[in-house]
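What follows is one structure encoded as structure tokens, with my remarks underneath.
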Amino acid sequence: MATSSDCHRHRISKPLNPRESAKLISSKSQDVSVSMQGVEETSKLIFDSLKSKKYSFRIWKEHKLHPKQMNKNTVDWIAVVDSLNFSFWTEEDVEPWTVRFDGKNYTGYWALCAAINRALEEGIPLITPSHYGAITTKELEYIFRSETATAIPLLEERAKNLNEVGTILANKYQNSFANVISECNGSAKELLWLITSTFKCFQDESDFHGTKVSFYKRAQILISDIWACFEGKAWGYFSDISFLTMFADYKVPQSLLHLNVLKYSNTLMQKLKRGVLIPSEDQLELEIRGNAIWAVELIYQELLKKSQEDKEMCLLSSGERNAVFNSVIIDFYLWDFAKEKLDGITELPCHKTRTIFY
């Protein structure tokens, strides 16, 4: 089995971690900024929801398509999902990629979950690394077949991701992502570095004004999904889950824009409204992603402040508070908010970047 030190040799220099990267990017941004008034108002909204337990990490398992059992198969299901959890958007005049499962049609991320569950029901061992390590684009084309004429975007790149992850897990980690987790001593920080050191397809890094920065959207959500599904226990126990930031994608910035937390320049807004494609690693893309992370960090700090001032919350230990209020849960909340309330709202468009990283 590979060790952390084996994997670390593949990269000599570390980029700034996502939190450090976000702070740097926010301090130097020209077209995106964070409104402290929006941060304060949004923190109140989320605090009330979390304190009343209307929202918590348990919401993850309440979604119909997510697995409910806490076992090794579930760990490997999540590893497959988050190896493929990117780029579901389509142009406005194009029917979305749509998967029918259990009598219902799904789009976007939920179509990915539905397609994986459908494949498993059909007897395809899609969550077994030794199987998907050798999977072909043609096989994936069948697994991700659509009810519409629109195919899943970046099919070849998805096959490449699965081949890489599956081969490494089969050869070095006894055919299960659970064995990657076992090497990290219950530390989300250690697991994040191990994932991004071991699997190239998780190395979500860029250059910003001469500094190497990172976002690690899919690596962080992989850890967080396991944490949420396992309710912070067994494979999902991480003593430092608050080390993780939000997962910089295209939906959460939309929520932050709607809630007046993020502010975009007129130039950027006009580009988004015209549907202009923003290339991966473009200055505008980095500013959107970096400021989204930093905005959630500021919301998180406000939540902690409110929890320390609240009599009921003060009864919780510091560790318990961090499990209730952290950037992961804020991200879950804002992503669900975007899916439920903002889909189809053209005056607050998502940015469009075609990439394997989100």
Side-chain angles (χ1 to χ4, degrees), residues 1-4 6-11 65-67 69 71-88 97 99 109 111-145 151-184 190-205 216-226 229-230 235-236 247 355-358:
M1 183 181 293
T3 65
S4 297
D6 289 333
C7 298
H8 291 183
R9 283 199 289 269
H10 295 308
R11 281 193 302 169
L65 295 173
H66 281 164
Q69 295 185 343
N71 56 31
K72 240 183 201 185
N73 282 344
T74 294
V75 171
D76 285 313
W77 186 96
I78 294 171
V80 168
V81 164
D82 289 323
S83 295
L84 300 170
N85 186 0
F86 57 86
S87 202
F88 302 113
W97 169 61
V99 171
Y109 166 78
L112 173 66
C113 296
I116 291 170
N117 290 341
R118 180 177 65 184
L120 292 172
E121 283 200 359
E122 291 173 348
I124 301 170
L126 188 55
I127 64 172
T128 304
S130 56
H131 176 80
Y132 65 76
I135 206 162
T136 66
T137 304
K138 189 170 180 61
E139 288 170 315
L140 275 189
E141 190 174 21
Y142 170 78
I143 289 168
F144 294 135
R145 63 193 183 275
I152 187 172
L154 302 179
L155 182 65
E156 290 184 6
E157 287 80 357
R158 293 176 200 277
K160 186 176 178 182
N161 279 17
L162 286 180
N163 293 162
E164 182 199 6
V165 174
T167 299
I168 292 171
L169 292 179
N171 292 341
K172 297 184 178 180
Y173 291 97
Q174 299 176 336
N175 216 32
S176 177
F177 188 79
N179 295 317
V180 181
I181 299 173
S182 295
E183 290 201 359
C184 295
E190 285 190 31
L191 182 54
L192 180 63
W193 174 239
L194 184 54
I195 292 169
T196 57
S197 296
T198 305
F199 305 101
K200 187 178 178 182
C201 68
F202 281 95
Q203 289 174 11
D204 180 8
E205 301 165 0
Y216 298 150
K217 184 266 184 182
R218 289 194 296 104
Q220 293 202 95
I221 203 170
L222 170 54
I223 299 168
S224 300
D225 284 351
I226 291 169
C229 180
F230 286 79
W235 301 113
F247 326 125
T355 172
I356 70 164
F357 293 120
Y358 63 94

Distance, nearest 0.5 Å, that separates [atom1] of [X] from [atom2] of [Y]:
| X | Y | atom1 | atom2 | answer |
| --- | --- | --- | --- | --- |
| Asn71 | Trp235 | CG | CH2 | 10.5 Å |
| Tyr216 | Leu222 | OH | CG | 14.0 Å |
| Asp225 | Ile78 | CG | CD1 | 5.5 Å |
| Thr198 | Tyr173 | OG1 | OH | 4.0 Å |
| Leu155 | Leu140 | CG | CG | 5.5 Å |
| Ser224 | Ile221 | OG | CD1 | 7.0 Å |

For the backbone of [Y] and the side chain of [X], can you confirm whether one donor and one acceptor N or O come within less than 3.5 Å of each other?
| X | Y | result |
| --- | --- | --- |
| Arg158 | Thr137 | no |
| Gln174 | Asn179 | no |
| Thr136 | Glu139 | yes |

Over all heavy atoms of both residues, which pair between [X] and [Y] is shortest? Give the atoms and the distance, please.
| X | Y | answer |
| --- | --- | --- |
| Leu191 | Cys184 | CA-SG, 3.4 Å |
| Leu169 | Pro129 | CB-CB, 3.7 Å |
| Trp77 | Cys113 | CH2-SG, 3.8 Å |
| Arg218 | Asn161 | NH2-ND2, 3.5 Å |
| Arg118 | Tyr142 | NH2-O, 4.3 Å |
| Asn163 | Tyr132 | ND2-O, 3.2 Å |

| message | Take a 6.0 Å sphere around CD of Gln69 and say whether it holds more than 12 heavy atoms from other residues, nucleotides or ligands. | response | no
| task | May I ask you to check whether over 12 heavy atoms, not counting those of Glu141, lie within 6.0 Å of atom CD? | result | no
| query | Only one of Ile127, Val165, Asp76 clears side-chain contact (heavy atoms from CB on, under 4.5 Å) with Phe177; which? | reply |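 Among Ile127, Val165, Asp76, the one meeting side-chain contact (heavy atoms from CB on, under 4.5 Å) with Phe177 is Asp76.
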| request: Would you check, one step at a time, whether the test side chain to side chain contact (heavy atoms under 4.5 Å, CB included) holds for His131 with Ile124? | output: CA-CA 9 Å; His131 176 80; Ile124 301 170; 3.9 Å; yes
| request: For Ser87 and Phe357, run side chain to side chain contact (heavy atoms under 4.5 Å, CB included): C-alpha distance rounded to whole Å, both residues' side-chain angles, the deciding distance at 0.1 Å, then the answer. | output: CA-CA 8 Å; Ser87 202; Phe357 293 120; over 6 Å; no
| task | Check the pair Ile135 / Ile143 against side chain to side chain contact (heavy atoms under 4.5 Å, CB included), numbers first and verdict last. | result | CA-CA 11 Å; Ile135 206 162; Ile143 289 168; 3.8 Å; yes
